[in-house]
Structure formats: C-alpha cells, structure tokens
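First comes the structure, then the notes that go with it.
Quick note on labels: first sequence line is chain A, next is B, and so on, each numbered from 1.
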Amino acid sequence: MTERSDRTPLPRNLLDRPVLDVAPDLLGRVLVRRTAEGPIVLRITEVEAYAGELDPGSHAFRGRTPRNEVMFGPPGHAYVYFTYGMWHCLNVVCGPEGRASGVLLRAGEVLEGQELARKRRLSARYDKELAKGPARLATALGVDRVLNGTDLCTGDDAPLTLCPGEPPAPDLVRNGPRTGVGGDGAHHPWRFWIDGDPTVSPYRPHVPRKRAT
DNA sequence: CGGTCGATAGTCT
DNA sequence: GACTATCGACCGA
C-alpha cells in the first residue's frame, strides 16, 4: 500500500558539480536517517548554497580549519557543525574535491518516522514544523557532529543516505537571498525552495547580535 | 501567524 | 572577546 521511496543512494557524480547546480537539484530529494529505533525519511524542501573559499558567507572563506575540513574533502559527504551553542546544521559537500562548497539543508517534510521525529522535536506544534529550519531539521533527524564526514552515497546500513526522490515541478523552484548571512555574502540569491510548500522556513534577515550586558 | 528577546558554547581574531 | 549558515518561550492578533 504505502509507496516506499527509492532508497538507493544518489550517484555521487550528481554532487560532483558546481554548488549552484547542485543546490536546486537537491529539492525534492530524499534523506534517509537510520537510527536504532528505526528510519526517519525526509523530503528536502529548502536549501542554501555555500560557495567555498570565494564566498564570504561560507565557513570555508578563511581557508581550511579543523571545523570545516570535511568541506574540502570529496563530494557526497555530510558536513555537520554546531552553532549558537545549542544547535547542529547539516550540509551536503558538493563540487569537485577541494572546492570546499556545500549545500545547507534548511527544511524538509518528514515522510516516514514522524513519531521518532516528534520525540526529538517536542516544541513542534504541527508536523510541518518538525524540520522547518536547519537546526530543526538536524534535530528531527537526530543528526549531530558524530555524523560529520558521513558518506551520504553509500548503501543500506549507512546512518544517513541521500536518495533520488521525486523532483518538484520546475516552475515551483524559487530562489532568493540567504537567511541569516551577513556581510558581503548576504545578497547572493543562493537560497532555493519549493514554492508553496508548508515546510519551508520563513526568511529572516541577518541581525548582528547585541552584546550581553 | 508575526514580533521581540535571551540562551548557550564552539570557533576564530 | 566577539560573533555565530538558530531557535523557543512568550505575547499579541
């Protein structure tokens, strides 16, 4: 009855391309997170492109560091970082090796494993909020730095696999400025989303933090 | 649904 | 020491 999504891994060569090609191509694709309690399956609805060392908004902008070294490695791996003292965000490393570019997964629709996702996202009022925002997405999937560097293009027993999925109608793919990115990288229209999808996170302009008193 | 505000610790200057 | 590829509580509508 239930039409199960295709869980074969995405061919790595689809990720071995320039980040601005890969980012919109990830919309509608499916991420499978396998946990001890069972799988959580997510359809990607919103992403942002980060163009390596040339991009002031990218973690790779100032060169290789211990944190960002996965971005400099081969495509098809997970770059997971910890931010704001509380949250994790998940990226797909793409482009030719060494280019240090990646795609931040900003939002998605939970297709399977909602019960598991809800247990990790107790503040979500509706299921459409389970993965509405990059840190919420990582939380819903139970992704943290332990998975940094995970190969997303291998088979059935990997903790995290990127799968082909069903692409959205081309006319539903929109793009606009990146969320939360300040400085010179702010204006690039490198956020991509599926128009009208209820799981897409709201746009928030970057606001530099005020100093604590 | 939208706006404001504070939390919290890793990372780099 | 400052900033951060953010979110939740809380409030008003």
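The separation between Leu90(A) atom CG and dC7(C) atom P is 13 Å, rounded to whole Å. The nearest whole Å value for the distance from the CH2 atom in Trp87(A) to the C1' atom in dA9(B) is 13 Å. Put simply, CE on Met71(A) is 15 Å from P on dT11(B), counting in whole angstrom units. When rounded to the nearest whole Å, the span between CG of Asn91(A) and P of dT6(C) equals 11 Å. When rounded to the nearest whole Å, the span between CZ of Phe61(A) and C1' of dT4(C) equals 16 Å. Residue Arg64(A) contributes atom CZ, which lies 17 Å from atom C1' of dC12(B) at whole-angstrom precision. The distance between atom CG of Leu137(A) and atom C1' of dA5(C), rounded to the nearest whole Å, is 13 Å. To the nearest angstrom, P of dT6(C) lies 13 Å from CG of Leu105(A).
One finds a side-chain N or O of Ser123(A) lying less than 4.0 angstrom from the OP1 or OP2 phosphate oxygen of dG8(C). OP1 or OP2 of dT6(C) has at least one side-chain nitrogen or oxygen of Arg106(A) nearer than 4.0 Å. Within the 4.0 Å cut-off from OP1 or OP2 of dA5(C), not a single side-chain nitrogen or oxygen of His88(A) is found. Residue Arg62(A) has no polar side-chain atom (N or O) positioned under 4.0 Å from OP1 or OP2 of dT11(B). Under 4.0 angstrom from either OP1 or OP2 of dG8(C) there lies at least one side-chain N or O belonging to Arg121(A).
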Quiz prompt | 5'-to-3' dot-bracket of DNA chain B (Watson-Crick, G-U; under 3.5 angstrom; crossing pairs as [ ]; | other strand) | solution = |||||||.||||.
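In this structure, Arg178(A) is not positioned above the aromatic face of Tyr203(A) in the sense of NZ or CZ being under 6.0 Å from the six-membered ring centre and within 45° of the axis.
Side-chain contact between His88(A) and Thr139(A): absent, with no pair of heavy atoms (C-beta onward) separated by less than 4.5 Å. Counting heavy atoms from C-beta on, the side chains of Pro177(A) and His188(A) never come closer than 4.5 Å. For the pair Arg136(A) and Pro134(A), the minimum side-chain heavy-atom distance is 4.5 Å or more. Looking at heavy atoms from C-beta onward, Arg29(A) lies out of side-chain contact with Glu166(A) at the 4.5 angstrom threshold. With contacts defined as side-chain heavy-atom distances shorter than 4.5 Å, the pair Asp127(A)/Arg118(A) qualifies.
For a distance-only test at 3.5 Å, the side chain of Tyr84(A) fails to qualify as a donor-acceptor partner of the base of dA7(B).
For the side-chain contact (heavy atoms from CB on, under 4.5 Å) with Trp190(A), the qualifying choice from Asn175(A), Val19(A), Asp55(A) is Asp55(A), the only one to do so.
Within 4.0 Å (heavy atoms only), Thr65(A) reaches sugar-phosphate atoms of the nucleic acid but no base atom. Within 4.0 Å (heavy atoms only), Phe82(A) reaches sugar-phosphate atoms of the nucleic acid but no base atom.
Among dT4(C), dC1(B), dC7(C), the nucleotide with an atom closest to any side-chain atom of Pro134(A) is dC7(C).
Annotation: ring-ring contact (aromatic ring centres under 6.0 Å, His included) contacts of Tyr81(A) (sequence neighbours excluded): His59(A), Tyr79(A).
Between Arg145(A) and Met86(A), the residue anchored nearer the 5' end of DNA chain B, judged by the nucleotide with its closest heavy atom, is Met86(A).
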